Structure formats: structure tokens, C-alpha cells
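Shown next, in C-alpha cells, is the structure this report addresses.
All heavy atoms count here, side chains included; hydrogens, waters and symmetry mates do not. Counting begins at 1 with the first residue of the sequence. From a predicted model like this one, the values you see are computed outputs, not experimental measurements.
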Amino acid sequence: MKMDLNAIIEKMETGDQDAALTALQTFNKEKSQCFSFNSGEEEDRERLGELVLGFLERDLQPSCQLACLETIRILSRDKKSLAPFATRHAMQILIRHAGLGQGEGVTPEIPDLEVIVEALKCLCNIVFNSEAAQEAGAELQLIVGLAERLKQCREPQWNHDVRFFDLRLTFLITALRVDIRAQLARKLRGVSLLSEALDATLGLCWPDSYEVARAGFDGCSELPPLGRQETERAMEILKILFNVTFDCNSRKVDEEEAATYRHLGAILRHCIMSTSEGEERTEEMHSHTVNLLGNLPLPCLDVLLMPKVQQGSIEYMGVNMDAVKVLVEFMEKRLDRGNKLKETLLPSLNLLTESARIHRETRKFLRIKVLPPLRDVKNRPEVGHALRNKLVRLMTHIDTDVKHCAAEFLFVLCKESVSRFIKYTMTPLILINPVTGRVEEEQPNPMEGMTEEQKEYEAMKLVNMFDKLSREQLIQPMKIGADGKMTSLEPQELHYLASQQFGESNNSDSDSDTN
């Protein structure tokens, strides 16, 4: 049965719980997939929102609580009708129903999980769409309630939906509020807290201080894919950690912080070595992992190389290079795709650059992979399908950040040697055409068969062309002066040099004839 807003409002205004439940369930079913609203009904939607919030302050049966929260979730999709939900009082009601309340007004009973999840969904919508709601959430210490529940990451009473929307709400509020991000990072020890949550989500065990394995699969060369729910929660945690570690690689960290970041780095290595259900989901998880690895203090990236070399591992200089190999493959896949390179490629390329800069073994391994010994100098460096060719092509990309990043990566792999960098990206100029950067096939001499008079005529014709371009200030011929510096070459000097050259050539020929 279809009901208009006014009819629903009338039912709500009676205050009868059963009548309200029936009306709201009808509204929720009708609008469940509605994401755009009639602009002429904004006041009515706001009135309905106020009435629903009023109901939530009463002692309701769980089904009515759930219906009220579902209505708020639907209404909060409309950015223009958020006013009733963005107040401190409304946020307090929703936080309480989500089981995240702090201080006074917290209900002693834990509401059922469906009610908690629905309240969390409402908070996600409202916080995302309203700065006033974000401010209210900060004042009500929403992040403290979320952190308290994150500490219960190993408790069995919380199902996937509660954990997931806790994480989604944490991500949103840390992304939108710098002060809350800092509060979680410092006062609430967010990196340790979220690392523990990630550890619990992935089901890890620790054979060594900075070596991670999946519980029950220790020593296995191949791990089963992560489940869909575990992958979803892991990615939310990675996104939150990215928010709270955004500035940590640009500041010095003490020993305790370094140990915390190394612990996290070991978990991230496990993430990059893991797969999920489907290639697309695996790549998404790897993308979030790479983004976060780029935030860690550079010295802490040594944990990528710490695991012992096992059967099937890639070993170089006695070091396990499995993670580096996966990072290279991930980077090349993004490079081949060619879409939005600044957003998709640069995180992995920057990570590899900095890892190579600080770890000798990584640099030498990457150099073998990316810049193997040159055997082909007949083709230009950017021609071909090898990773080196692709990166050299990237050095002429239209986006300055992209081309600089590609050049820096290759420069670091060349041990920051200019001559070596030129060798691999431009090929030795002695062996090649310096204009095209390649070995050219031998070309016929264009002056072959010409008499000396014809050669002189062509040369003077060329001089006159240079003279014209010089007078029109399109080019400026130069010469080396007595002081060794470049100076302008005047037109008459150009003519003199050309005539002198041919005069000497003719004299030389006549001398050789007499001998």
C-alpha cells in the first residue's frame, strides 16, 4: 500500500507505536532504493525526521527502533533535508543506538545487532554529508566510542556488519576531520589499535618478531584466498591507517614508534603477498596496501626483506625478494593499464624508488629486473615492450609528476650516476645518432657524384638559409670565442667561414694532384 508523506506524518503524530511502525515500514519498503527526492517535499521530510527522532527517545520495541532507523537512513541520503539529524542532540541519539555513547545518557543494555548496524549506517550517511554532524561527532567523542569497540576486535559477540560499519564510520570521520585523525593517531594509539584489528581480521600468527603467517598455514608456500568479509574489513582498516599515518614518513620517529611501524609493515607484507576472491578485489586490496606502505618511515621498510628464504622464494644476495617482486608486478600492471597514472601508478613507483634508495639489495634486484645489461642499441630506448622501454616512454609523459617520478626511479636504479642514467635511457651517444638516440643504418652520401662547384653551391644555399633565419631572429648561429665561451656568429662571418672552407678544400685537392 502506497502512502504519501503527509499520511505518514499524521500516523506518527498520533504517537501510537503500532500505527507508526506500520506507516514507517510502508515508507521504508517504497523508498528503499530511492536516492533522489522531490524538491517540493523538503519540509515534510524534515518534519518526518524530527518525529522519528522523537520516537527514538522513547522506550520502543526493537522492531519499531529498527523501522525508525531505516527511515533516518533513507532520509539522510538527501543532503538538503539533513537539518534534523545534524544537531548535537540527534547525533547523541544515534550514537547511543549504535552502542558508541560516552558519559551520560548511555543505555545500560546493548541493543540488538540489527539496531546497531542500522544506527551505524545512519551515522555514516549523516557524517559524510554534513559538516555540522562532523562537528557534533567530535564534541561527543564519537571516535573514543569507536576506538573502544575496535579494542574488542577478537570478541565473538560482534558480527561482520557491526565491525565493518564501525570501520567505515571511523574511516569517514578521520578522512573528514584532521583533529579527529590526530586524536586517533596519538591519544588513542591508533596505529597499534588498528594493527591489532588487522591482525585479528587476517587471522595471523607470528613465527618471528617481524615475520607473519596465516594461522593454520604456517610454512605453506601458497595461501588460500581471503574471504570476502575479511577482505572488506581489511581494506577499511588499511584506509583508516592511511589517514592516521599520512604525515609519519616526513617526520622523525622514536624507537617505540619505529617498532610499531615495523610491526605494521610486517602485516602489510603479508597483505601484499595475499590474494582475495577475484583478481579485481585482490588488486584493490594491494592498492590500499601500497598506499599505506608509502606512508611508513623509510627505515621501517626493511621488514619487506626480513622473512627467511624458503623453498619457492625468490632469493637475491641472501635476501627474500618475494614482496619486491610482487610490488614490481603490481606497478607494471598499473603502468600497462595507462589510466589515471598519477593516482594509480605513482604510489607503487614512489614506494619502489624509496625502497631502492635506502636498501642496497632492493636496488640491485630491481636493477636486474628493470635495467638488465644492454644488448640492443639499434632501437631507441623508448621502443619495445620491456619494463625499461615503458619507463623511458613515461619520461615524456604530459604530467610533470609522472615523468619526474619515472626518471627518478631509473636514476636511483642507476645508483644516481648521470653517465649510467644516460646509458640506459638515451644509449651512448658515441655509438648513435645524437638526435634520434639510436644506431642509424648507413645512409647514402647525398653529395656523392657532385662536382666541387655543385657542392659549393649547395653549401652557400644552406648558408643563405641560415642567414635569413638569423636575420628574422628565428635562430642564432654561435661560435666559440677566444675566451672559450659561446658568442654570436654574424652573417658575414658565416659567409666567410663557408667560402674559406671550400677554398681550403680546393687548394688541398690541387696540391695533391701536383704531387
Is the shortest side-chain N to carboxylate O distance from Glu343 to Arg334 below 4.0 Å?
no

Assess whether a salt bridge exists between Glu329 and Lys325, defined as any Lys/Arg side-chain N lying under 4.0 Å from an Asp/Glu carboxylate O.
yes

Short N-O contact, Lys390 and Glu382, less than 4.0 angstrom:
no

Salt-bridge criterion met for Asp78 and Lys80 (N-O under 4.0 Å):
no

Pairs satisfying side-chain hydrogen bond (donor to acceptor under 3.5 Å, both in side chains), at least one member in residues 161-172, at least two apart
Arg149-Asp166, Arg168-Glu236

Which pairs count as ring pair (Phe, Tyr, Trp, His ring centres under 6.0 Å) when at least one residue sits in residues 167-204, sequence neighbours excluded?
none

Quick one: salt bridge (charged side-chain N to carboxylate O under 4.0 Å, His left out) pairs with a partner in residues 295-316, sequence neighbours left out?
Asp208-Lys308, Glu211-Lys308, Arg262-Asp302

If you measure from the Lys or Arg side-chain nitrogens to the Asp or Glu carboxylate oxygens, is any gap between Glu279 and Lys333 under 4.0 Å?
yes

Contacts of type ring-ring contact (aromatic ring centres under 6.0 Å, His included), residue His160, not counting sequence neighbours:
Phe164

Who passes ring-ring contact (aromatic ring centres under 6.0 Å, His included) against His263, sequence neighbours left out?
Trp206

Determine whether the side chains of Glu114 and Gln65 contain a donor N or O and an acceptor N or O closer than 3.5 Å.
no

Between Lys151 and Glu196, is the closest basic N to carboxylate O distance under 4.0 Å?
no

Could you tell me whether Glu408 and Arg357 have a side-chain N and a carboxylate O separated by less than 4.0 Å?
yes

Would you give me the side-chain donor-acceptor pairs under 3.5 Å for residues 117-126, sequence neighbours excluded?
unit_1 : atom_1 : unit_2 : atom_2 : d
Glu118 : OE2    : Arg73  : NE     : 2.2
Glu118 : OE2    : Arg73  : NH2    : 3.2
Asn125 : ND2    : Arg73  : O      : 3.2
Asn125 : ND2    : Ser76  : OG     : 3.2

Would you call Lys340-Asp399 a salt bridge at under 4.0 Å N-O?
no

